[in-house]
Amino acid sequence: MKVLISWLGLADLRAMEGPDTGPTESVLRDRTFDGVVVLSGGDFHNAPFGLARYWECLEELGSHSIHIHQVEQPFNPTDYSAIKDSFLDGMRLIESVYGDDAEISVHVSPGTPHMHVISVLVTKQWYPEAELIQSSR
């Protein structure tokens, strides 16, 4: 099974407000995955284009299962330790839902620069078989 893991970034949510394509949407339009795990560190439930609408947008893009994992709150998107722990929780979620043999692609474009760094370092250290993908600079 092919699984994409990504942080939920503001660029993804803002893209739902207009004609632009968000980073995660662009990946899902170009590639096929059996599952998508989105790590959410913010309180987007009450945003105009919050998690429910984001979920619907992801569903419209393909026949994959979607898991939006709300990380432990309060969450500081610049706290390297909390980001590492949350990212590892997401990777363990993939293993429990999709199995140890899942082909994992780690999308490093959404989120804060801190999230990008930790996602790359953790992937290279503990999940070297996973693919790192970038959809924006």
Side-chain angles (χ1 to χ4, degrees):
M1 299 198 82
K2 294 183 178 185
V3 182
L4 176 71
I5 184 169
S6 178
W7 286 96
L8 175 59
L10 291 177
D12 283 313
L13 292 175
R14 286 186 188 127
M16 291 188 293
E17 298 175 355
D20 295 334
T21 301
T24 303
E25 179 182 351
S26 68
V27 170
L28 295 176
R29 287 190 185 281
D30 290 343
R31 301 180 60 179
T32 303
F33 295 94
D34 301 301
V36 177
V37 173
V38 177
L39 304 172
S40 175
D43 182 14
F44 299 116
H45 292 285
N46 298 320
F49 290 93
L51 289 179
R53 178 67 186 118
Y54 183 68
W55 184 298
E56 291 170 8
C57 288
L58 293 181
E59 280 186 325
E60 292 169 6
L61 294 171
S63 59
H64 40 261
S65 67
I66 302 165
H67 297 272
I68 297 182
H69 179 68
Q70 182 69 47
V71 303
E72 191 172 319
Q73 296 295 320
F75 181 75
N76 177 346
T78 62
D79 179 342
Y80 288 106
S81 181
I83 293 167
K84 177 188 70 99
D85 292 344
S86 298
F87 186 78
L88 285 170
D89 286 346
M91 296 300 263
R92 286 189 285 270
L93 174 67
I94 290 173
E95 292 170 348
S96 69
V97 172
Y98 300 101
D100 293 337
D101 58 344
E103 295 177 38
I104 302 172
S105 294
V106 178
H107 187 205
V108 297
S109 292
T112 65
H114 305 76
M115 293 170 177
H116 305 168
V117 168
I118 293 299
S119 297
V120 170
L121 292 175
V122 168
T123 299
K124 288 297 185 183
Q125 177 68 35
W126 287 297
Y127 299 91
E129 69 285 354
E131 172 189 32
L132 292 167
I133 58 175
Q134 184 177 355
S135 62
S136 58
R137 290 183 180 178

Distance, nearest 0.5 Å, that separates [atom1] of [X] from [atom2] of [Y]:
| X | Y | atom1 | atom2 | answer |
| --- | --- | --- | --- | --- |
| Glu59 | Ser65 | CD | OG | 10.5 Å |
| Ser86 | Met91 | OG | CE | 13.5 Å |
| Ile118 | Thr123 | CD1 | OG1 | 10.5 Å |
| Asp12 | Ser40 | CG | OG | 11.0 Å |
| Glu25 | Leu61 | CD | CG | 5.0 Å |
| Glu95 | Asp101 | CD | CG | 10.5 Å |

Nearest non-hydrogen partners of Ser109 and Gln134, listed with the distance: OG-CG, 3.3 Å
Gly9 to Pro110 - nearest heavy-atom pair and separation: N-CB, 3.9 Å
Test salt bridge (Lys or Arg N to Asp or Glu O under 4.0 Å) applied to Glu60 - qualifying residues, sequence neighbours left out: Arg53
If you group Ile, Leu, Val, Met, Phe, Trp and Tyr by side-chain heavy-atom gaps below 4.5 Å, do [X] and [Y] land in one group?
| X | Y | value |
| --- | --- | --- |
| Phe87 | Ile94 | yes |
| Val27 | Val120 | no |
| Val108 | Phe33 | no |
| Ile68 | Leu8 | yes |
| Ile5 | Ile83 | yes |

Intermediate values then yes/no, side chain to side chain contact (heavy atoms under 4.5 Å, CB included), His107 and Ser135: CA-CA 8 Å; His107 187 205; Ser135 62; 2.7 Å; yes
Asp34 side chain to Lys2 backbone, donor-acceptor under 3.5 Å: yes
His116 side chain vs Gly111 backbone, donor-acceptor pair below 3.5 Å: yes
Check against side chain to side chain contact (heavy atoms under 4.5 Å, CB included), Leu4 and Ile133: CA-CA 10 Å; Leu4 176 71; Ile133 58 175; 3.7 Å; yes
Aromatic ring pairing Trp7/Phe75, orientation class (parallel under 30°, perpendicular over 60°, tilted between): parallel
Student check: side-chain heavy atoms of Lys124 and Leu132 closer than 4.5 Å: yes
Any Val117 side-chain heavy atom under 4.5 Å of His114 side chain: no
Residue pair Val106, Tyr127: steps toward the side chain to side chain contact (heavy atoms under 4.5 Å, CB included) verdict: CA-CA 10 Å; Val106 178; Tyr127 299 91; over 6 Å; no
Side chains of Ser81 and Asp79, donor plus acceptor under 3.5 Å: no
Worked check of side chain to side chain contact (heavy atoms under 4.5 Å, CB included) between Thr24 and Ser6: CA-CA 8 Å; Thr24 303; Ser6 178; 3.5 Å; yes
